[in-house]
**Student:** 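Questions regarding the structure given below will be posed in turn.
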Amino acid sequence: MQETSGINFQKIEEKWQKKWQEKKIFEANIDDKKKKFYVLEMFPYPSGSGLHVGHAFNYIIGDIFARFKLMQGFNVLHPIGYDALGLPAENAAIKDKIHPEEYTNASIKNFMNQQKKLGLTYDWTRVINTANPEYYKWDQWIFLKMFEKGLVYEKEAPINWCPECDTIISNEQAQGGECERCGSKIEIRNMKQWFLKITDYADRLLEGHKKLNWPERTIAMQKNWIGKSYGTEIDFEINGKKWPVFTTRPDTLFGVTFMVVSANHSKLNELISEKQKKDVEKFLKKLKSVSEKDLTDMEKEGVFTGSYAINPITKDKVPVYAGNFVVADYGSGMVMAVPAHDQRDFEFAKKYKIKIKQVIEGKITKERAYTESGKLINSGNFNGFSNEEAKTKITDYLITKNLARRVTNFKLRDWSVARQRYWGTPIPLLHCKKCGVVPVDEKDLPVVLPKKVKFGKGNPLTTNEEWLNVKCPRCRGNARREANTLDTFVNSSWYFLRYCDPNNKKEIFNKDDVNFWMPVDLYIGGAEHACMHLIYCRFYTMFLHDIGLIKFEEPVPRLFNQGMINDEYGEKMSKSKGNSVEPLKVMEEYGVDTTRFFMMSEASPDKGFNWSDKGIQGSLRFVNKIFDTFEKLKFGKDSQDFLIKLNSAIKNISIQIEALDYRKSTIELRQLFDLIANQKEISKESFGKSLKLLSPFCPHITEELWEKLGHKNFISVSEWPKFDEAVFKFKTKEVDLNEKYIKYIKELIEKFELNGTSVKKVFVYVVPFEIEKLNKSKLIKGIGKELDIFSVRDEKKYDPENKSKKAIPGIPGIYFE
RNA sequence: GCGAGUGUGCCGGAGUGGUCAAACGGGCUGGACUUAAGAUCCAGUAGCUUUAUGCUUGCGAAGGUUCGAACCCUUUCACUCGCACCA
């Protein structure tokens, strides 16, 4: 605590936090008389190191909104929980030689204690913990429902393997060829694995975007990730067999001079001739030595397979190459190459001296293919058509010959959900020798994680034989449990539903509760989840909707991405760099409210900022000054100036909080309290209103001063002040329009009178703020005509239909009678 | 390459057609208070002079629209973030 402040913030904080808790003012209950509002921050992964500034920032942003809505009279649900399962806990536990469960429970306890110090409006009766079998039971239950509906399947596929985490990870978690958790280079392995058929929902995930009030870049990222494209799948004949190839450019079919199959294609062997075998093997070996990450920067390379493909339309025979730049699991893993009109194919053709055949008019240079549109040439019957027309015509022609189909392709892959690690939700499936894969009976849920396992290399769950061996519910024979656990993103895909009814043991949730509180009216979290959690949770919600459990398809109509907080020099905070700021230490030193106010005044919540201790001094000054002002304040009558400021603050802050533009509110509050400090006297009521405006930002000190002001209720749940427009009519200061403007009006009048129109009266528009300040008589004198003044900001708002005021075309702001 | 942004004083950033040398913070300079420091308060912080509710210049750059542009349009440059060989 700063010695100089003289105010014991800690005492005030503890006092009010205790009172809030005792009176349960933040506990949510279903109440049909009030409108509900569900504010949610992304629940944390409880790591051993406790809260970092990013957490605090996240919670405070949500808390201010929740407090605002509470004061506006909404029935607010503002819960918190812990995303407790997952690899880091397991790894940390192994390192510390304790059980992941103990590690996690200790971390949660620590997190909760720290969160409670922030003065947040959480409803602590609704806390959830995903590591609790009562929670993950329902993960398993949903999984079985998906299994029932055919959305769960097992297949051998190339998957992302993280050697560091010793497990498979999903595409979403392996972006850029690096593990999302630990940053290790991802290996591609072929393994039999469990998938959720999220691709079934690809179209609806895209479609749903239209309904969402989300940051555009988040939507753009999701769209990009889902990657829908329309095209044509054309059959080429290779060695007497049909090979489909996906293209978005069927118009260039006459220009195909070679084919490229992915070097990772599962049927590559069928294409390799005896003669080329050695070359291909050499090439594949070389590729293996390069990680996927480096591959993206690599030059396009390939090797001739020895096979030729027959172009279905020209009957040309073109060589088939195996290449490093073709994605194995997109389309059919093979592309038709048109070097004249595709830059990649162009580079490849140059390198391997393959023929380039131009089929669209345009300039091809030494370095660049022609990728723009144009008229078709060298394309048989299709010459002369624009390439856009040709896309349709050629596709139609091929379809009549049964050589092609119109298809839609997605970049989105099915969600690989199985993890070969311990600290996750056990997959509720059994392997029976007779019956094959059998789902666990619903009544046997939850499948609880066995406590006794050996941690080390490999999957710990395979070390407990007692747990693994079970009877098959179908044939009563011997079966073994599926030893994989679910990706922890499964746990977080529906947790917001559980908050609505967190302790239900009989069902996943009470439908009435969920349909009352959901959807989440405001969801706040980091942008890094755009293509993971935020896609998964939409998928889960759609699924639960489809099986009739919930009425809505989109869980989060409004999303807010908070910015990052970096250190003073703009560097990302990290423990290893030693530049991280511990929010609780700062709060101990400066007080919670000061820190809250500081964080919100540094930058808009969506932008983030570079943390500097210097800045917090300013906020401390502000908070201290409020106490100081209160001591010196004389209560009496409000001045007009102050009433105007207070009411504009009420109006502005209400709008700003609604838009999560908190930074501007902190400025407004500074100005307001500065003005209060300069008032000779002020009414108690107005001071109270000012405190209310500050309350969401600085809840403890405003509670304290509210009490000192003589109130018996909590300011936190008092009524948000109302804006009084009547106050504004007192503005009277005079202002002149600029001389040039007057001159311009005069010139116009002259022009009109020269044309024979006599001008009797002029209508002038000014900005609303100026209208009461305008020196009208001076203006009339300047122009030499009678005039009316309009308070209109935008000339487009004028009513040109109103015949009595004739508008001069093209010239805003002046009207003649 | 594609997508989303950003560019204003010493710094963070307000301002999105007329209230504008530019809010509000921070920093710096000077002053008051103090034995001193801190805290607090006051003044200054683009240039010029006639020191003024003065003039000029100015909001990445260049054009344009307008009586009037940081704000609208066009071109351009720079930076940040995200995705990326998706055919």
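Order of the sequence lines sets the chain letters (A, B, ...), proteins ahead of strands, with each chain counted from 1. Scope of the values below: all heavy atoms of this structure, side chains included, with no hydrogens, waters or symmetry mates.
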**Student:** Looking at the side chain of Lys614(A), which of C85(B), G26(B), A84(B) is the nearest nucleotide?
**Tutor:** G26(B)
**Student:** With P as the reference atom in both, quote the distance from G64(B) to A69(B) in angstrom, rounded to an integer.
**Tutor:** 12 Å
**Student:** Nearest whole angstrom, please: distance from the P of G1(B) to the CZ of Arg368(A).
**Tutor:** 8 Å
**Student:** Assign Ser601(A) to base, sugar-phosphate, or nothing according to its heavy-atom contacts below 4.0 angstrom with the strands shown.
**Tutor:** nothing
**Student:** How is Lys664(A) classified with respect to the nucleic acid when contacts are heavy atoms under 4.0 Å: base, sugar-phosphate, or nothing?
**Tutor:** sugar-phosphate
**Student:** What's the CH2-C1' distance between Trp611(A) and C11(B), to the nearest Å?
**Tutor:** 18 Å
**Student:** Using the C1' atoms only, state how far C85(B) lies from U76(B), rounded to an integer number of Å.
**Tutor:** 30 Å
**Student:** Could you measure between the two P atoms, the one in U75(B) and the one in C24(B), and give it in whole Å?
**Tutor:** 38 Å
**Student:** Distance-only, no hydrogens or angles: does the His265(A) side chain make a donor-acceptor pair with backbone N or O of Ser332(A) under 3.5 Å?
**Tutor:** yes
**Student:** Do Tyr230(A) and Lys228(A) have side-chain atoms, one donor and one acceptor, less than 3.5 Å apart?
**Tutor:** yes
**Student:** Please find out if less than 6.0 Å separates the ring center of Phe598(A) from that of Trp611(A).
**Tutor:** yes
**Student:** Please measure how far the C1' atom in C71(B) lies from the corresponding atom in U6(B), and state the result in whole Å.
**Tutor:** 15 Å
**Student:** Using both distances under 3.5 Å as the test, list the Watson-Crick or G-U wobble partner of U56(B), or none.
**Tutor:** A46(B)
**Student:** Minimum heavy-atom separation for Phe254(A) and Lys357(A), please, with both atom names.
**Tutor:** O-NZ, 2.8 Å
**Student:** Could you check how far CG of Asp628(A) sits from C1' of U40(B), rounded to whole Å?
**Tutor:** 9 Å
**Student:** For C41(B), what is the paired nucleotide under Watson-Crick or G-U wobble rules, both distances under 3.5 Å?
**Tutor:** G31(B)
**Student:** Could you pick out which residue, Asp345(A) or Gln671(A), lies toward the 5' side of RNA chain B when each is mapped onto its nearest nucleotide?
**Tutor:** Gln671(A)
**Student:** Counting the atoms with a prime plus P, OP1 and OP2 as sugar-phosphate, which does Gln343(A) contact under 4.0 Å by heavy atoms, base, sugar-phosphate, or nothing?
**Tutor:** nothing
**Student:** Rounded off to whole Å, could you give me the CD1-to-C1' distance for the Ile219(A) and G5(B) pair?
**Tutor:** 16 Å
**Student:** When the C1' atoms of G12(B) and A61(B) are considered, how many whole Å apart are they?
**Tutor:** 24 Å
**Student:** Say we look at C28(B) and G38(B): how far apart would their P atoms be, to the nearest angstrom?
**Tutor:** 10 Å
**Student:** Just name whichever nucleotide pairs with U51(B), Watson-Crick or G-U, keeping both distances under 3.5 Å, else none.
**Tutor:** none
**Student:** Below 30° counts as parallel, above 60° as perpendicular, anything between as tilted: where do the rings of His341(A) and Tyr370(A) land?
**Tutor:** perpendicular
**Student:** Taking atom C1' in both U8(B) and A14(B), compute the distance separating them and give it to the nearest angstrom.
**Tutor:** 10 Å
**Student:** Pick base, sugar-phosphate or nothing for Gly227(A), based on heavy-atom distances below 4.0 Å to the nucleic acid.
**Tutor:** nothing
**Student:** From C-beta outward on Arg621(A), which listed nucleotide comes closest to its side chain: C41(B), U40(B), A87(B)?
**Tutor:** U40(B)
**Student:** Please work out if Lys228(A) contacts a base, only the sugar-phosphate, or nothing of the nucleic acid, heavy-atom cut-off 4.0 Å.
**Tutor:** nothing
**Student:** What is the glycosidic conformation of G44(B): syn, defined as within 90° of 0, or anti?
**Tutor:** anti
**Student:** Just name whichever nucleotide pairs with C72(B), Watson-Crick or G-U, keeping both distances under 3.5 Å, else none.
**Tutor:** G64(B)
**Student:** Over all strands shown, is Ser229(A) touching base, sugar-phosphate only, or nothing at heavy-atom distances under 4.0 angstrom?
**Tutor:** sugar-phosphate
**Student:** Among C85(B), A87(B), G82(B), which nucleotide has an atom closest to any side-chain atom of Asn324(A)?
**Tutor:** C85(B)
**Student:** Of all the nucleotides listed (G82(B), A87(B), G26(B)), which has the minimum atom distance to the side chain of Thr247(A)?
**Tutor:** A87(B)
**Student:** Quick one: do the Thr395(A) and Thr232(A) side chains pair a donor with an acceptor below 3.5 Å?
**Tutor:** yes
**Student:** Round to the nearest Å and state the distance from Gln617(A) atom CD to G27(B) atom C1'.
**Tutor:** 13 Å
**Student:** Surrounding NZ of Lys351(A) (heavy atoms of other residues, nucleotides or ligands, distance under 6.0 Å), is the total greater than 12?
**Tutor:** yes
**Student:** Can you tell me how far P of A84(B) sits from NZ of Lys223(A), to the nearest Å?
**Tutor:** 18 Å
**Student:** May I have the distance from Gln656(A) (atom CD) to C24(B) (atom P), rounded to whole angstrom?
**Tutor:** 15 Å
**Student:** Using atom CZ of Phe609(A) as one end and atom C1' of C11(B) as the other, report the distance to the nearest whole Å.
**Tutor:** 15 Å
**Student:** Quick check for you: among A87(B), G5(B), C24(B), whose closest atom lies nearest to any side-chain atom of Glu216(A)?
**Tutor:** G5(B)
**Student:** Both Phe325(A) and Asp674(A) contact RNA chain B. Which one's nearest nucleotide lies toward the 5' end?
**Tutor:** Asp674(A)
**Student:** Nearest to the Arg670(A) side chain among C85(B), U40(B), C24(B), which nucleotide is it?
**Tutor:** C24(B)
**Student:** P atom, G47(B) versus G58(B): distance in rounded Å?
**Tutor:** 15 Å
**Student:** Would you mind classifying the nucleic acid contact of Val338(A) as base, sugar-phosphate or nothing, using non-hydrogen atoms under 4.0 angstrom?
**Tutor:** nothing
**Student:** Are the aromatic ring centres of Phe325(A) and Phe348(A) under 6.0 angstrom apart?
**Tutor:** yes
**Student:** Paired with G1(B) by Watson-Crick or G-U wobble geometry, both distances under 3.5 Å: which nucleotide is it?
**Tutor:** C83(B)
**Student:** Ignoring the backbone of Arg663(A), work out which of G27(B), A87(B), A23(B) is nearest its side chain.
**Tutor:** A23(B)
